[in-house]
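Shown next, in structure tokens, is the structure this report addresses.
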Number of protein chains: 2
Amino acid sequence: MATSRKRVGIRDVAAAAGLSITTVSWALNGKGEVAPGTRERVQRVARELGYQPNEAARALRTGRSRILGIAVAHRESGPWEQTYLPYYRSVVAGAAIEAVEHGHAVAAIPVSQARGLEVQVPCDGLIVIDPVRDDPILAGCRRRGIPVVVDGRPLDEGFGDVPVVESDIATGMRTVLDHLRAAGAERPALLTGAERDAYTIDTERLFHNWCRRNDLPGTVRRVRAGESPVAAAESLLDRGVDAVHALNETYGNALLAAAGDRGVEVPDRLRITMMGERDPLAPGNGAGYLSLDPVAIGAACVRVLVAHLNGRRPENVTVPCRFIPPGRTPAG
Amino acid sequence: MATSRKRVGIRDVAAAAGLSITTVSWALNGKGEVAPGTRERVQRVARELGYQPNEAARALRTGRSRILGIAVAHRESGPWEQTYLPYYRSVVAGAAIEAVEHGHAVAAIPVSQARGLEVQVPCDGLIVIDPVRDDPILAGCRRRGIPVVVDGRPLDEGFGDVPVVESDIATGMRTVLDHLRAAGAERPALLTGAERDAYTIDTERLFHNWCRRNDLPGTVRRVRAGESPVAAAESLLDRGVDAVHALNETYGNALLAAAGDRGVEVPDRLRITMMGERDPLAPGNGAGYLSLDPVAIGAACVRVLVAHLNGRRPENVTVPCRFIPPGRTPAG
DNA sequence: GTCCGATCCTAAACCGTTTTGGGTCGCGGA
DNA sequence: TCCGCGACCCAAAACGGTTTAGGATCGGAC
């Protein structure tokens, strides 16, 4: 073993087969005109020598690295990790699985608020999740001319040409709120956050509109920065609401905890729904879940990006949410 | 806008600055001897021109792509998705966050049982999760001479030299079982699976040993292939056990469901623990969790791999598990 | 016999960097 | 004056593939 220190390159294969490197390249990649017998022989020799093409060289020449970058925010603090990180993970997983169908791999590239992409890697296109205002990544990609798709409505003007993959939270919110109402809600509430991102703003707006349309009083409680979500949940329950939708799983769990503390039965006396992932097979906890279906979103991003790479005109996509109604409560 | 169709390369910067490309490369990368004023000027020109180096070319020349591959299994079927996929996601997330500290990105590369890596990308090293017997990926990496680290004991002989990152389930299982005993268990049981992988085998062995050491009768129930986990859980409860540890979250959830069905209170009349992730902030469901801490494992894999890349002798690492004791049950 | 197209193959250019091995210049010491 | 030396910079050679442009061979049609 350890036949030689150097890696075996296409030249070695050509020499061993007594052919030119062009012919070897053609034979292995199925291009050009090569006699069937020759092709077969080349493949056998390559296999015997254990030849593996240098992907960097190939990427340089062809301009394609077969890598799709996905910019994942890299904050470690507090509630963020509870709510967004799981989302990102699932998007990456969905993207990775879809990408392989198109011959690509997915590279998770951490980004920081300040510097944008933390590390430069060769990639054919980039998926940007939740772009921020004046997003340095979008600007960078535009400069470098690499195709982008964003998940979540971009806040900046001037990026009207980048394709967008979005969750259909309009329909999702309607489903959830209709569910709450059908379950008997008369005083619905929303437990939301102080952050003014597109998702929060949209959720609040949809809640307001739904309440107005249904002629119901809508209570909105924002968890202030630094405030304990459980405390906020308790103060909300004090206001006599009978159904609450939570912006994310952190807030939803806070509601469940607050309800548990004061012995309010879920979902019989208090209906709770929240945005978040939930394993449908896990024992129910009385709450309903509206899942953004991040795996589907990741997959959709990849499809749009690959279409873009292949020169097809990319189109915006909306991904339906999944509603998981409350299951049976555990332990009786 | 659209000043030119071609991307701006280092030659353009050199021309604009009236220097050679060598000097530009040195100025931008902080190598060689360049007059401070010149360096500054180059940086300014490069910024003005929006120069971004071609990473593929750089990777070809330097032999480093700054990408760490992570081979994630890509099966979609049944219980696998419930238990292993979340684990992989978290490993990838942990690896990505750690990798950026070392200037690398992490590429998730799906693998198939048959073909091994599904797509070839340039990467400096590879993390292989749960290597299988006669693993084609390990063999491929050995041929190509690219560094590997595996998570989970490799089953093959002949790979004694690849560094291993492992969960310390020996200590973890002791913690869990000691917890069950302290909570009053007298007839402990293990709900395990039919798969004969290293993790299952080890878990069963550790359970047996612990029971023998503690002079307690140990009941083992394997969920057969195709059998419903809930049915298996019920048949186990029929045997009069008072504490059960489950191999994974699927089985643990089945136990919770079975207990709920027959009105057995958890954890008062039946103690349940399981391997699996659990958000410590989520409302408790009465079960204890032993987390493999996949985020920490991903991070450890990256550290070991980077050490390997930098020529340091890589060492095996064991990552402690995290035990999350049962929280309060929801809704009272 | 010559011309032609089909078929198989080759030499060389190319992709955009990094790195090697000097080259030039000005200055101080012998 | 000449040499050595440090500081600064440059031309050209890698890196390892893919692709282009073209050369050789051969059978068949005229």
Side-chain angles (χ1 to χ4, degrees), chain A residues 4-43 45-46 49-67 103 120-124 143-146, chain B residues 4-43 45-46 49-67 120-124 144-146:
Chain A
S4 141
R5 235 33 284 149
K6 282 297 286 176
R7 272 194 47 191
V8 26
I10 198 172
R11 289 163 164 82
D12 304 310
V13 178
L19 293 168
S20 75
I21 57 177
T22 307
T23 308
V24 173
S25 176
W26 278 349
L28 295 178
N29 296 322
K31 303 191 175 175
E33 314 204 18
V34 182
T38 309
R39 184 181 306 266
E40 208 171 304
R41 185 160 53 93
V42 168
Q43 284 166 346
V45 170
L49 264 53
Y51 167 69
Q52 298 287 136
N54 179 318
E55 294 299 330
R58 173 179 288 186
L60 171 59
R61 176 66 229 221
T62 62
R64 288 292 184 90
S65 65
R66 297 167 163 171
I67 292 180
Q120 308 280 6
V121 300
C123 61
D124 297 343
R143 253 211 324 275
R144 301 173 58 170
I146 83 175
Chain B
S4 143
R5 234 31 282 149
K6 284 297 284 176
R7 269 195 47 190
V8 24
I10 200 174
R11 288 168 222 277
D12 303 310
V13 178
L19 293 167
S20 74
I21 57 178
T22 307
T23 308
V24 172
S25 175
W26 279 349
L28 295 179
N29 296 323
K31 302 188 176 175
E33 313 201 22
V34 182
T38 309
R39 182 179 308 264
E40 210 171 302
R41 184 159 55 93
V42 169
Q43 285 166 345
V45 170
L49 263 54
Y51 167 69
Q52 298 287 135
N54 179 321
E55 295 298 329
R58 173 178 287 187
L60 170 59
R61 178 65 232 220
T62 61
R64 289 291 185 89
S65 64
R66 295 165 165 175
I67 292 180
Q120 307 281 7
V121 299
C123 60
D124 298 342
R144 301 174 60 171
I146 83 175

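The figures that follow rest on heavy atoms only: side chains count, while hydrogens, waters and symmetry mates do not. Proteins come first, then strands; the chains are lettered A, B, ... in the order of their sequence lines, and each starts at number 1.
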Checklist line | side-chain hydrogen bond (donor to acceptor under 3.5 Å, both in side chains) involving B:R144 - partner list, sequence neighbours excluded | finding: B:Q120

Check: Rounding to a whole Å, what distance do you find between B:R61:CZ and D:dA13:P?
Finding: 13 Å

Notebook entry, point to check: Residues in side chain to side chain contact (heavy atoms under 4.5 Å, CB included) with B:R11, at least two apart?
Noted result: B:I21

Notebook entry, point to check: Partners of B:A16 by side chain to side chain contact (heavy atoms under 4.5 Å, CB included), sequence neighbours excluded?
Noted result: B:V45, B:L49

Margin query: Suppose the criterion is side-chain hydrogen bond (donor to acceptor under 3.5 Å, both in side chains): which pairs have a residue in residues 34-43 of chain B, not counting sequence neighbours?
Written below: none

Check: First contact, last contact: which nucleotides of DNA chain C are these for chain A, 5' to 3', heavy-atom distance under 4.0 Å?
Finding: C:dC8 to C:dG16

Item checked: Upstream residue (5' side of DNA chain D) when A:G9 and B:W26 are each assigned their closest nucleotide -> B:W26

Checklist line | A:D12: partners by side-chain hydrogen bond (donor to acceptor under 3.5 Å, both in side chains), with sequence neighbours left out | finding: none

Item checked: Residue list, side chain to side chain contact (heavy atoms under 4.5 Å, CB included) with B:A56, at least two apart or on another chain -> A:A59, A:L60, A:P122, B:N54

Next item on the list: Give, for atom CD1 of A:I146 and atom CD of B:Q52, the distance between the pair rounded to the nearest 0.5 Å.
Entry: 9.5 Å

Notebook entry, point to check: Rounded to the nearest Å, what distance is computed from the CZ atom of residue B:R58 to the P atom of nucleotide D:dG17?
Noted result: 21 Å

Check: Taking CD from B:E40 and P from D:dC8, how many angstroms apart are they, rounded to a whole number?
Finding: 14 Å

Next item on the list: For A:T62, check side-chain hydrogen bond (donor to acceptor under 3.5 Å, both in side chains) against everything at least two apart and list the hits.
Entry: none

Note to self: Test of understanding: with salt bridge (Lys or Arg N to Asp or Glu O under 4.0 Å), list the residues that count as partners of B:R66, not counting sequence neighbours.
What the structure shows: B:E55

Margin query: Is it the case that the side chain of B:D124 and the backbone of B:R64 share a donor-acceptor pair, with hydrogens and angles ignored and the cut-off at 3.5 Å?
Written below: no

Notebook entry, point to check: Nearest nucleotide by nearest heavy atom, which residue falls closer to the 5' end of DNA chain C, A:R11 or A:E33?
Noted result: A:E33

Next item on the list: Would you please name every residue forming a side chain to side chain contact (heavy atoms under 4.5 Å, CB included) with B:S25, sequence neighbours left out?
Entry: B:I10, B:N29

Notebook entry, point to check: D:dG17 P sits how many Å from A:N29 CG, rounded?
Noted result: 11 Å

Next item on the list: Whole angstrom is fine here: how far is it from NZ in A:K31 over to C1' in D:dT18?
Entry: 7 Å

Note to self: Short of 4.0 Å, heavy atom to strand atom, which residues of residues 12-24 of chain B count as contacting DNA chain C?
What the structure shows: B:I21, B:T22

Margin query: If you only use heavy atoms from C-beta on, which nucleotide in D:dC15, D:dA21, D:dC9 is closest to the side chain of B:T38?
Written below: D:dC9

Check: In degrees, rounded to 10°, what is the bend between the two ends of the helix from C:dG1-D:dC30 to C:dA30-D:dT1, using five pairs at each?
Finding: 70°

Next item on the list: Send over the distance from B:N54 CG to D:dC15 P, rounded to a whole Å.
Entry: 18 Å

